[in-house]
Amino acid sequence: MRSIHRLVVGDSFGIFCLALASRTSFSSLATSHPTEVRDFWRKEQSQDLTRSVDILTTKIGKGNSEDVILQSLISDGAINVIHLSENLINRLLFRYKDDWKSALAVFRWAMEKMREILEEMRQESLIALDTIWKDAVRTFDDLQFLGLEKNTESMNVLLDTLCKEKFVEQAREIYLELKHYVAPNAHTFNILIHGWCNIRLIPPLFNVIVKNIISTWFTTFSMKCKLKIAPPNVVTYTTIMCALAKAEKFDEALQVVERMNAVGCRPDTLFFNSFIYTMGRAGRIDDATHIFKVAMPKASVAPNTSTYNSMISMFCYYAQKERAFDILKEMEKSGLCKPDIQTYYHPLIKSCFKMRKVDTWLNDILSDMVNKYHIGLDLSTYTLLIHGLCRADRCKWAFNLFEEMVDQDIMPRYKTCRLLLD
DNA sequence: TTAGGGTTAG
């Protein structure tokens, strides 16, 4: 989804298409008009944006499925005349950051609109739509004719998008073609490596390589992809370690860490988070705790929300609820990071039910969520709570939450209604 | 934010 987002609104080509759709060009105004005109224009644009967001938000509603929302957006005449822009899409995605169905519908709607624009461009012979993916190099070349720069940055966006959509072999071929015109950088290599990791090509390679694992593998990979031999950096190590952890090759994952330390590559927060995750997956809770409590401070690397989340999830997963709550307290005491609903509260809420600490711990958690951190409950959290409370014989409380969610126009699931009725 | 992380299931 992230790559689609980038394709739609994040890269220069997408922005070009969206700018075309709005049929207005702010940049041309910026150079040829006095300040008052530009200010007026900005104000008009901002009001226009707010109106568009209001119209779309009303149309999207609450609690509908992704398909229902998408269809209603596509088929609505009033929505069809809305000027699509990067700002508009970003505003909507932010608005629906806790509601993935609506967010995904907005994505797909934007994609749909972009496709229409591409079709329009194709009809005007501006672009060959059917060759976009098959001949991405040529499309990329077209960027120049459209007045956009063809550089390492745009090449990386193209390669990354292809890799994230699992067109890894195509990305490699395109890279081989483009490298004659555009200089690759460390990002380019890591994008391709990540792509290969995602299609699970790394673990088999590791099976045949025993000695000097990372550099040998890296050289093999570089030769296969005809890359210049660039030294692997912390991103490379993190990517490979994670791929190995997901494939449950924990010994090999640890060798990556050893190798990284041996060559003096400095770890960062994301690396440590992945390392903790790796140890958690391997069931090595004490090692994970040691990384969190000892290795990170020693390396002067500060934890972030995800670090705490990983620890909390791990302890909950291994039924060590007290330790999970200790981490929560520690996180609150540190005052450095904000909790988030998805990974932080869900394991803890579940733990409260499992431990039968409904009146005490659950009460406190909910009160903190709402009053202290101002986190709005979403459909999944309401469902989790209502189902748990019903099972704990707290139907009255469950029903209060049910009414609360309905008041907020969040449509309960059929199963939730059925459960309460029973 | 041009590259890497996430125990998400009730």
Side-chain angles (χ1 to χ4, degrees), chain A residues 2-3 5-7 9-12 86 90 93 100 149 151-161 163-164 171 182 184-198 202 230 232-246 253 256 260 265 267-283 285 288 291 303-320 324 340-354 378-392 398 412-413 415-416 419:
Chain A
R2 193 174 54 177
S3 63
H5 175 211
R6 289 180 44 185
L7 190 65
V9 295
D11 70 4
S12 42
E86 185 184 2
N90 281 339
L93 292 178
W100 68 267
E149 210 181 338
N151 53 20
T152 308
E153 180 189 340
S154 47
M155 174 177 77
N156 286 349
V157 169
L158 173 71
L159 295 177
D160 195 32
T161 304
C163 282
K164 296 229 160 76
V182 184
N185 60 10
H187 290 207
T188 319
F189 304 139
N190 286 329
I191 286 166
L192 289 168
I193 286 169
H194 191 224
W196 288 110
C197 282
N198 277 343
I202 301 286
N233 61 19
V234 65
V235 176
T236 327
Y237 289 113
T238 307
T239 305
I240 297 171
M241 176 179 65
C242 254
L244 289 165
K246 281 179 191 155
V256 174
M260 186 174 118
C265 176
D268 60 9
T269 305
L270 245 63
F271 170 81
F272 276 120
N273 291 354
S274 300
F275 196 15
I276 289 171
Y277 165 80
T278 301
M279 289 294 107
R281 293 282 300 218
I285 301 174
I291 296 164
N304 62 15
T305 305
S306 300
T307 321
Y308 289 104
N309 287 343
S310 303
M311 293 298 295
I312 290 170
S313 299
M314 181 187 72
F315 283 134
C316 289
Y317 186 81
Y318 291 105
Q320 302 198 6
D340 61 56
I341 191 166
Q342 293 284 350
T343 44
Y344 168 49
Y345 282 112
H346 281 224
L348 289 174
I349 290 173
K350 270 201 255 181
S351 295
C352 291
F353 287 126
K354 277 187 198 154
D378 58 6
L379 173 65
S380 61
T381 311
Y382 273 121
T383 309
L384 175 65
L385 284 167
I386 292 170
H387 287 229
L389 287 169
C390 282
R391 230 179 288 135
R413 292 182 186 162
K415 220 176 159 183
T416 309
L419 192 67

Asker: Nearest-Å distance, CZ (A:F189) to C1' (B:dT2)?
Answerer: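 These atoms are roughly 14 Å apart.
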Asker: Among B:dG6, B:dT2, B:dA3, find the nucleotide with the atom closest to the side chain of A:Y277.
Answerer: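 Nearest to the side-chain atoms of A:Y277, counting from C-beta on, is B:dG6.
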Asker: Going by modelled atom types, is there a donor-acceptor pair between the base of B:dG4 and the side chain of A:T239 at under 3.5 Å?
Answerer: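 There is none.
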Asker: Take the protein atom CG of A:L379 and the nucleotide atom C1' of B:dT8, then report the distance between them rounded to whole Å.
Answerer: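 Interatomic distance, CG of A:L379 to C1' of B:dT8: 14 Å.
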Asker: Looking at A:N233 and B:dG4, is any side-chain donor or acceptor paired with a base atom of the opposite kind under 3.5 Å?
Answerer: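 Such a pair does not exist between side chain and base.
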Asker: Mark yes or no for whether A:T416, through its side chain, and A:P412, through its backbone, hold a donor-acceptor pair below 3.5 Å.
Answerer: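 Answer holds: no.
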Asker: Do A:N309 and A:S306 meet the criterion of a side-chain donor-acceptor pair at a distance under 3.5 Å?
Answerer: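 No pair is found: no donor N or O on one side chain lies under 3.5 Å from an acceptor on the other.
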Asker: Is A:T238 touching bases, backbone alone, or none of the nucleic acid, heavy atoms closer than 4.0 Å?
Answerer: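 Answer is base: heavy atoms of A:T238 come under 4.0 Å of a base.
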Asker: When you get a sec, tell me which of B:dA9, B:dG6, B:dT2 is the closest nucleotide to the side chain of A:K246?
Answerer: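 Taking heavy atoms from C-beta onward, the closest nucleotide is B:dG6.
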Asker: Grab the OH-C1' distance between A:Y237 and B:dA3 for me, whole Å please.
Answerer: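 Going from A:Y237 (OH) to B:dA3 (C1'), I get 16 Å.
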Asker: Rounded to the nearest angstrom, tell me the gap between atom NE2 in A:H346 and atom P in B:dA9.
Answerer: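 Result: 12 Å.
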Asker: Out of B:dT2, B:dG6, B:dG4, which nucleotide sits closest to the side chain of A:V157?
Answerer: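 My answer, after comparing the listed nucleotides, is B:dT2.
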Asker: Please confirm whether any donor atom in the side chain of A:H194 sits under 3.5 Å from an acceptor in the base of B:dA3, or the reverse.
Answerer: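 Check fails, no donor-acceptor contact within cut-off.
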Asker: My understanding is that only residues two or more places apart in sequence, or in another chain, count here; which of them pass side chain to side chain contact (heavy atoms under 4.5 Å, CB included) with A:N185?
Answerer: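 Checked A:N185 against side chain to side chain contact (heavy atoms under 4.5 Å, CB included); matches are A:T152, A:N156, A:H187, A:T188.
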Asker: Given B:dA9, B:dG6, B:dT2, identify the nucleotide with an atom nearest to the side chain of A:H187.
Answerer: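 Nearest nucleotide to the side chain: B:dT2.
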Asker: To the nearest Å, give me how far apart CD1 (A:I291) and P (B:dG6) are.
Answerer: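 So the CD1-P distance, A:I291 to B:dG6, works out to 15 Å.
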Asker: How long is the line joining CG of A:N304 and P of B:dG6, in whole Å?
Answerer: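 It works out to 13 Å between those atoms.
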Asker: Contact class for A:N198 (heavy atom, under 4.0 Å): base, sugar-phosphate, or nothing?
Answerer: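 Nothing: the residue A:N198, judged by heavy atoms under 4.0 Å, touches no strand.
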Asker: I'd like to know whether A:M314 forms a side-chain contact (heavy atoms from CB on, under 4.5 Å) with A:Y277, so could you lay out the CA-CA distance, the side-chain angles of the two residues, the decisive distance to 0.1 Å, and finally the verdict.
Answerer: CA-CA 8 Å; A:M314 181 187 72; A:Y277 165 80; over 6 Å; no
Asker: Could you pull out all residues at least two apart from A:A171 that satisfy side chain to side chain contact (heavy atoms under 4.5 Å, CB included)?
Answerer: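 Testing A:A171 for side chain to side chain contact (heavy atoms under 4.5 Å, CB included), a comparison that skips the adjacent residues, returns A:L159, A:L162, A:C163, A:L192.
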Asker: Among B:dG4, B:dG10, B:dT8, find the nucleotide with the atom closest to the side chain of A:P347.
Answerer: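 When the side chain of A:P347 is considered, B:dT8 is the closest of B:dG4, B:dG10, B:dT8.
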Asker: Heavy atoms from C-beta onward define the side chain here; which of B:dA3, B:dG4, B:dT8 lies closest to that of A:K350?
Answerer: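 The closest nucleotide is B:dT8.
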Asker: What I'd like to find out is whether the side chain of A:T239 reaches to under 4.5 Å of the side chain of A:N190, using heavy atoms alone.
Answerer: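 Counting from C-beta outward, A:T239 and A:N190 never come under 4.5 Å.
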Asker: Can you measure A:N151 atom CG to B:dT2 atom P for me and round it to whole angstrom units?
Answerer: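 To the nearest whole Å, that distance equals 12 Å.
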Asker: From B:dA3, B:dG4, B:dT2, pick the nucleotide closest to the side chain of A:F271?
Answerer: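 Nucleotide nearest to A:F271's side chain: B:dG4.
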Asker: Could you check how far CG of A:L385 sits from P of B:dA9, rounded to whole Å?
Answerer: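 These atoms are roughly 17 Å apart.
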Asker: The side chain of A:V235 is closest to which nucleotide in this list: B:dT2, B:dA3, B:dG6?
Answerer: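 In terms of side-chain proximity for A:V235, the closest of B:dT2, B:dA3, B:dG6 is B:dA3.
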Asker: Across the strands shown, which category fits A:I191 at heavy-atom distances under 4.0 angstrom: base, sugar-phosphate, nothing?
Answerer: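 Sugar-phosphate contact only.
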